[in-house]
Amino acid sequence: MKGLAILGATGSIGTNVLKVVNAHPGRFRIVALAGGRNIETLARQVERYRPGRVAVATAVGLEELERLTDLSGIEVGVGEEGLVAVATETEAELVVAAAVGAVGLVPTFRALEAGKDVALANKEALVMAGELMVRASRERGGRILPIDSEHCALQQCLEGRPSAEVRRLVLTASGGPFRERSRDSFGTITPEEALNHPTWEMGRKITIDSATLMNKGLEVIEAHWLFEMPGDRIDVLIHPQSLVHSMVEFVDGSVLAQLAVTDMRLPIQYALTYPERVDGNLPGLDFTSNVRLDFEQPDREAFPCLDLAYRALEAGGTHPAVLNAANEEAVAAFLDGSIPFDSIPDCVMGALDALPAEPVERIEDVIGADRSAREQARDAIAGLGRRIVAH
């Protein structure tokens with residue numbers, strides 16, 4: 001049985017990973033789990049799977065976990081140190097990196113340094129430190145297997161073909177809940193509206209990123225590193241039905257597309273069982289049921305986050321980390337009511353303007369850029385908050 005360690009076990013991806021595990025008894029065993037704030041869910045997971053190692057975000061969380069379940073015989077860690085211990089667990093053959101945001105950066109990097117295969121759902125880690133992640137993967141032999149439906153689709157379409165045979169990669173996007181909404185009304189968008197995604201059920205942060213199209217921008221950067229493709233050969237198309245998950249256009253003019261129902265268990269299972277394909281008892285597409293495949297260009301003026309991501313990729317160095325950190329701060333501020341929806345790209349642009357792109361040679365360079373960008377974004381958010389109060 002393949003030993004799995006899961007970073008972000010209690011989130012949307014983590015719980016779907018365990019659904020895939022449950023659907024294939026005897027194929028996987030859970031050797032380590034790391035959770036965040038949802039301690040009750042983590043406690044139930046510990047009771048069911050009895051991993052040898054568990055990590056929680058805080059000491060308070062650990063106290064609650066100890067009250068809810070028996071931890072005898074289990075190694076327990078807290079914070080980043082605990083996450084790294086889960087990511088480098090000796091018995092783990094595959095590490096599922098599903099922790100949300102920059103918190104997954106160091107543990108994911110350490111897993112690759114340890115030679116682990118990594119099933120990557122935490123795109124932020126590759127966005128922030130793609131050069132270091134890819135280098136560690138090559139030097140230590142661990143594979144990066146994308147769980148994002150778009151990159152899993154690209155991987156299947158490419159099937160290891162060299163980049164010289166590829167004309168372009170095409171990432172598809174649903175367009176989010178505001179694809180047809182007037183840009184003049186973006187300032188009145190509420191968190192509840194932004195969290196109402198038309199096709200996918202995801203965590204709060206990624207759902208807001210989908211509404212701003214920042215998620216697609218982050219995926220462009222991720223695709224650059226995963227498939228050795230320059231940004232000017234990675235395109236984005238709006239595809240409201242979310243049935244075509246991505247496409248590859250080859251130099252001879254042929255286009256291969258991967259289609260599937262909108263269920264995250266499909267790309268998760270592909271990554272967990274790669275290179276095999278196994279029956280997951282998941283539904284296929286019914287092409288006789290009035291299936292439509294519509295495509296359109298994204299509105300880059302209404303959704304400037306997409307171009308900000310291309311800008312950060314072109315600048316290189318620490319700029320993708322700056323982009324990611326400022327965006328995380330801006331999204332959190334929008335969700336707690338500190339700034340309006342249409343100020344999210346302003347915060348990100350301000351950080352990119354204020355902080356020059358520096359070379360990335362060590363993981364500490366990325367961590368420093370992340371810290372500086374968060375400080376810059378928080379100052380901008382505080383200024384926006386003062387102006388809102390004044391009005």
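Put simply, CG on Leu18 and CZ on Arg48 are 8.0 Å apart, with the number rounded to the nearest 0.5 Å. Atom CD1 of Ile147 and atom CG of Leu272 lie 6.5 Å apart (nearest 0.5 Å). Note that NZ of Lys205 is 14.0 Å distant from OG of Ser12, once rounded to the nearest 0.5 Å. Within the model, atoms CZ of Arg300 and CG of Asp307 stand 4.5 Å from one another, a figure rounded to the nearest 0.5 Å.
Counting only heavy atoms from C-beta outward, the side chains of Leu195 and Leu335 approach each other to under 4.5 Å. Side chains of Pro146 and Gln155 form a contact here, defined as non-hydrogen atoms less than 4.5 Å apart. Residues Val236 and Tyr310 have side chains in contact (heavy-atom distance under 4.5 Å, counting atoms from C-beta outward). Thr212 places a side-chain heavy atom less than 4.5 Å from the side chain of Phe341. Using a 4.5 Å heavy-atom cutoff, the side chains of Leu68 and Leu42 are not in contact. Under the 4.5 Å side-chain criterion, counting only non-hydrogen atoms from C-beta, Asn22 is in contact with Tyr49. Contact annotation: the side chain of Arg110 approaches that of Ile363 to within less than 4.5 Å [non-hydrogen atoms, C-beta and beyond]. Side-chain contact between Val248 and Gln258 is absent, with no heavy atoms from C-beta onward closer than 4.5 Å.
A pairwise comparison of heavy atoms in Asp342 and Asp346 identifies O-OD2, 3.5 Å as the closest pair. Pro320 and Val127 get closest at one heavy-atom pair: CB-O, 3.1 Å. Minimum interatomic distance between Phe334 and Ile189 (heavy atoms only, all atoms of both residues): CE1-O, 3.6 Å. Of all heavy-atom pairs between Val46 and Leu33, the closest is N-CD1, 4.4 Å. The two atoms that bring Met1 and Gly26 nearest to each other are CG-O, 2.8 Å, heavy atoms only. The nearest pair of heavy atoms linking Ala121 to Asp148 is O-OD1, 4.3 Å.
More than 12 heavy atoms of other residues, nucleotides or ligands lie within 6.0 Å of CD in Glu165, so this atom counts as buried by the packing criterion. For Glu296, the CD atom is densely surrounded, since the number of other residues' heavy atoms within 6.0 Å is greater than 12. Remark: Arg37 CZ is loosely packed, at most 12 non-hydrogen atoms of other residues, nucleotides or ligands lying under 6.0 Å away. Open room surrounds CZ on Arg161; 12 or fewer heavy atoms of other groups in view lie less than 6.0 Å from it. The environment of Glu301 atom CD is sparse: at most 12 non-hydrogen atoms of other residues, nucleotides or ligands sit within 6.0 angstrom.
Leu285 and Phe295 fall within the same hydrophobic cluster, defined by Ile, Leu, Val, Met, Phe, Trp and Tyr side-chain heavy atoms under 4.5 Å apart, directly or through other members. There is a path of hydrophobic side-chain contacts, each under 4.5 Å, that joins Ile144 to Leu132. A continuous path of Ile, Leu, Val, Met, Phe, Trp and Tyr side chains, each step under 4.5 Å between heavy atoms, connects Val261 with Val244, placing both in one hydrophobic cluster. Hydrophobic clustering (ILVMFWY, side-chain heavy atoms < 4.5 Å, transitive): Val220 and Val170 are in distinct clusters. With hydrophobic clusters built from ILVMFWY side chains whose heavy atoms lie under 4.5 angstrom apart, Leu112 does not share a cluster with Val31.
Judged by distance alone, with hydrogens and angles left aside, the side-chain atoms of Asp365 form a donor-acceptor pair with the main-chain N or O of Glu361 at under 3.5 Å. Distance alone, capped at 3.5 Å, is enough to place a donor-acceptor pair between the Ser289 side chain and the Asp286 backbone. Remark: the backbone N or O of Leu237 is not paired with any side-chain donor or acceptor of Lys216 at under 3.5 angstrom. A donor-acceptor contact shorter than 3.5 Å is absent between the side chain of Glu89 and the backbone of Ala5. No side-chain donor-acceptor contact under 3.5 Å links Asn215 to the backbone of Ile206. Using a distance-only test at 3.5 Å, with no hydrogens or angles considered, a donor-acceptor pair links the side chain of Thr318 to the main chain of Glu358. Formation of a donor-acceptor pair under 3.5 Å by the Arg233 side chain with backbone atoms of Arg168 is not found in this model. Formation of a donor-acceptor pair under 3.5 Å by the Asn122 side chain with backbone atoms of Ala99 is found in this model. Counting only distance, with no hydrogens or angles, the side chain of Ser137 and the backbone of Gly142 share a donor-acceptor pair below 3.5 Å.
With respect to Glu93 and Lys2, no salt bridge is recorded, no charged nitrogen being found less than 4.0 Å from a carboxylate O.
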Discussion item. Go through it in stages, so that I can follow the logic: the residues are Glu249 and Asp235, the test is side chain to side chain contact (heavy atoms under 4.5 Å, CB included), and I'd like the CA-CA distance, side-chain angles, deciding distance and then a yes or no.
Written reply: CA-CA 11 Å; Glu249 181 180 355; Asp235 290 343; over 6 Å; no

Worksheet item: Can His239 and Leu293 be said to form a side chain to side chain contact (heavy atoms under 4.5 Å, CB included), step by step?
Response: CA-CA 7 Å; His239 171 48; Leu293 301 177; 3.8 Å; yes

Practice prompt. Mind running side chain to side chain contact (heavy atoms under 4.5 Å, CB included) on Asn196 and Glu192 for me, showing each step along the way?
Written response: CA-CA 7 Å; Asn196 186 25; Glu192 291 72 26; over 6 Å; no

Discussion item. Run the salt bridge (Lys or Arg N to Asp or Glu O under 4.0 Å) test on Asp370 and Arg374 for me, step by step, so that the C-alpha distance in whole Å, both residues' side-chain angles and the decisive distance to 0.1 Å come before the verdict.
Written reply: CA-CA 6 Å; Asp370 177 87; Arg374 289 181 190 278; 2.9 Å; yes

Discussion item. If you apply the rule salt bridge (Lys or Arg N to Asp or Glu O under 4.0 Å), what do you find for Glu150 with Lys123, and how did you get there?
Written reply: CA-CA 11 Å; Glu150 295 82 359; Lys123 65 175 65 67; over 6 Å; no

Item to complete: Test side chain to side chain contact (heavy atoms under 4.5 Å, CB included) on Arg183 and Asp299 and set out the steps.
Response: CA-CA 10 Å; Arg183 185 171 33 146; Asp299 185 341; 5.5 Å; no

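Side-chain atoms of Arg204 and Thr207 form no donor-acceptor pair, as typed in the model, at a separation below 3.5 Å. Side-chain contact annotation: Gln156 with His245, donor-acceptor N/O pair under 3.5 Å absent.
When each of Glu228, Glu113, Glu131 is paired with Arg138, the salt bridge (charged side-chain N to carboxylate O under 4.0 Å, His left out) condition holds for Glu228 and for no other. Across His24, Glu276, Lys19, a single residue satisfies side-chain hydrogen bond (donor to acceptor under 3.5 Å, both in side chains) together with Gln269, and that is His24.
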Under 3.5 Å, which donor-acceptor pairs link side chains of residues 74-88 to any protein atom two or more places apart or in another chain?
| residue | atom | partner | partner atom | Å |
| --- | --- | --- | --- | --- |
| Thr88 | OG1 | Val84 | O | 2.7 |

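Taking the six-membered ring where tryptophan is involved, the planes of Phe303 and Phe186 are tilted, since the angle between them lies from 30° to 60°.
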